[in-house]
Amino acid sequence: MKDSIITLPHPNLRKSSKKIGVITEEVNKVIQDMEAATLDWEKSRAHEVGVALAAVQIDKLIRVVVIRNNFDNKDDHTFSVFINPEITKYEGDIEEDYEGCLSVKDIYGKVPRYTKVRVKALGIDGRSFRVTAEGFLARIFQHEIDHTKGVVFIDHIKDDENAFFNLTEDGSLVQLDYEKDVRNNSILW
């Protein structure tokens with residue numbers, strides 16, 4: 001299943017996803033595949049947790065996001081589903097923190113994001129609901145909703161020479177050489 005996650009330079013990661021009009025069996029199957037792909041991906045990683053996924057990351061250009069209910073517990077395999085998610089308000093401060101992505105191999109970045117967002121979406125029952133997210137969860141929503149618009153986290157830091165990192169075998173982050181590893185990297189851009 002983890003092989004179903006597409007990674008840069010796959011062109012669909014730079015495309016906008018389509019809004020879902022009707023929640024069909026096909027949409028429900030995509031959601032199941034997204035959850036399975038996220039869990040499969042993290043099985044082979046000692047220092048990483050699959051916290052969320054957008055449908056485009058399994059090469060389905062529809063606006064669906066799944067977010068792990070408890071990303072502090074790798075044994076909790078439950079997710080919340082957000083169909084046509086949209087940020088209605090950005091609040092709080094803008095803070096930089098580390099982000100990785102299942103679709104960007106071996107690269108982490110120090111990305112500026114709002115500390116609080118308000119989100120509206122549809123649930124799998126088709127009903128509209130709203131969520132206010134703060135801290136790490138707010139960061140996750142911004143990251144995943146960006147995916148539905150064809151934006152990858154590295155796009156926010158493209159010109160920041162000090163923002164790119166690599167995860168080492170022991171789980172620590174080491175800064176990358178921007179000129180050598182990032183600026184003209186054909187996989188990233």
Revision key, fill the gap. One should read off an interatomic distance between S4 OG and D59 CG, to the nearest 0.5 angstrom, of 9.5 Å
Check your understanding: Do any pairs count as a ring pair (Phe, Tyr, Trp, His ring centres under 6.0 Å) and have a residue in residues 113-133, sequence neighbours left out, and if so which ones?
Key -> F82-F129, Y90-Y114
Review point. For the side chain of E144 and the backbone of A54, is there at least one donor-acceptor N/O pair under 3.5 Å apart?
Key: yes
Using residues 18-28 as the side-chain source, report each donor-acceptor pair under 3.5 Å to any protein atom, sequence neighbours left out, with the distance given to one decimal.
unit_1: T24; atom_1: OG1; unit_2: E26; atom_2: N; d: 3.3
unit_1: T24; atom_1: OG1; unit_2: V27; atom_2: N; d: 3.2
unit_1: N28; atom_1: ND2; unit_2: T24; atom_2: O; d: 3.4

Exercise for review: Run through V51, L137, T38 and flag the one making a side-chain contact (heavy atoms from CB on, under 4.5 Å) with I67.
Suggested key: L137
Exercise for review: Could you go through the side chain to side chain contact (heavy atoms under 4.5 Å, CB included) check for K116 and T132 one step at a time?
Suggested key: CA-CA 7 Å; K116 183 177 179 181; T132 299; 3.4 Å; yes
Review point. Residues two or more places apart in sequence or in another chain: which of them pass side-chain contact (heavy atoms from CB on, under 4.5 Å) with E179?
Key: E161, D177, R183
Check your understanding: Do V64 and I140 belong together in a cluster built from hydrophobic side chains that touch within less than 4.5 Å?
Key -> no
Review point. Which heavy atom of V30 sits nearest a heavy atom of A55, and at what distance?
Key: CG1-CB, 4.2 Å
Exercise for review: Using a 4.5 Å cut-off on heavy atoms from C-beta on, say whether the side chain of K120 contacts that of N84.
Suggested key: no
**Study point:** salt bridge (Lys or Arg N to Asp or Glu O under 4.0 Å) contacts in which one or both residues fall within residues 124-143, not counting sequence neighbours
**Key:** E99-R139
Check your understanding: Excluding sequence neighbours, so at least two apart, what forms ring pair (Phe, Tyr, Trp, His ring centres under 6.0 Å) with F153?
Key -> H143
Check your understanding: With D159, which residues qualify under side-chain contact (heavy atoms from CB on, under 4.5 Å), at least two apart?
Key -> Y178
Exercise for review: Look at the side-chain heavy atoms of Ile, Leu, Val, Met, Phe, Trp and Tyr, link any pair under 4.5 Å apart, and say whether F71 and I145 land in one connected group.
Suggested key: yes
Point to revise | Counterpart residues, side-chain hydrogen bond (donor to acceptor under 3.5 Å, both in side chains), relative to R14 (two or more places apart) | key: D155
Point to revise | Set of residues satisfying side-chain contact (heavy atoms from CB on, under 4.5 Å) with respect to K15, sequence neighbours excluded | key: N12, L61
Revision key, fill the gap. Only one of D97, D93, D146 passes side chain to side chain donor-acceptor pair (under 3.5 Å) with R113, and that residue is D146
**Study point:** Sequence neighbours excluded - salt bridge (Lys or Arg N to Asp or Glu O under 4.0 Å) pairs with any residue from residues 72-86
**Key:** none
Exercise for review: Would you please name every residue forming a ring pair (Phe, Tyr, Trp, His ring centres under 6.0 Å) with F79, sequence neighbours left out?
Suggested key: none
**Study point:** Q142 vs V117 side-chain heavy atoms within contact, under 4.5 Å
**Key:** yes
Result block: side-chain N/O donor-acceptor pairs under 3.5 angstrom for residues 100-108, not counting sequence neighbours:
unit_1: S103; atom_1: OG; unit_2: I6; atom_2: O; d: 2.7
unit_1: S103; atom_1: OG; unit_2: Q57; atom_2: NE2; d: 3.0
unit_1: Y108; atom_1: OH; unit_2: E48; atom_2: OE2; d: 2.5

Check your understanding: Rounded to the nearest 0.5 Å, how far does CD1 of I58 lie from CE of M34?
Key -> 6.0 Å
Exercise for review: Look only at the side chain of W189 and the backbone of V182, and say whether a donor-acceptor pair between them is shorter than 3.5 Å.
Suggested key: yes
Practice item. Kindly write out the residues that satisfy side-chain hydrogen bond (donor to acceptor under 3.5 Å, both in side chains) with R68, not counting sequence neighbours, or none if the list is empty. Key: E42
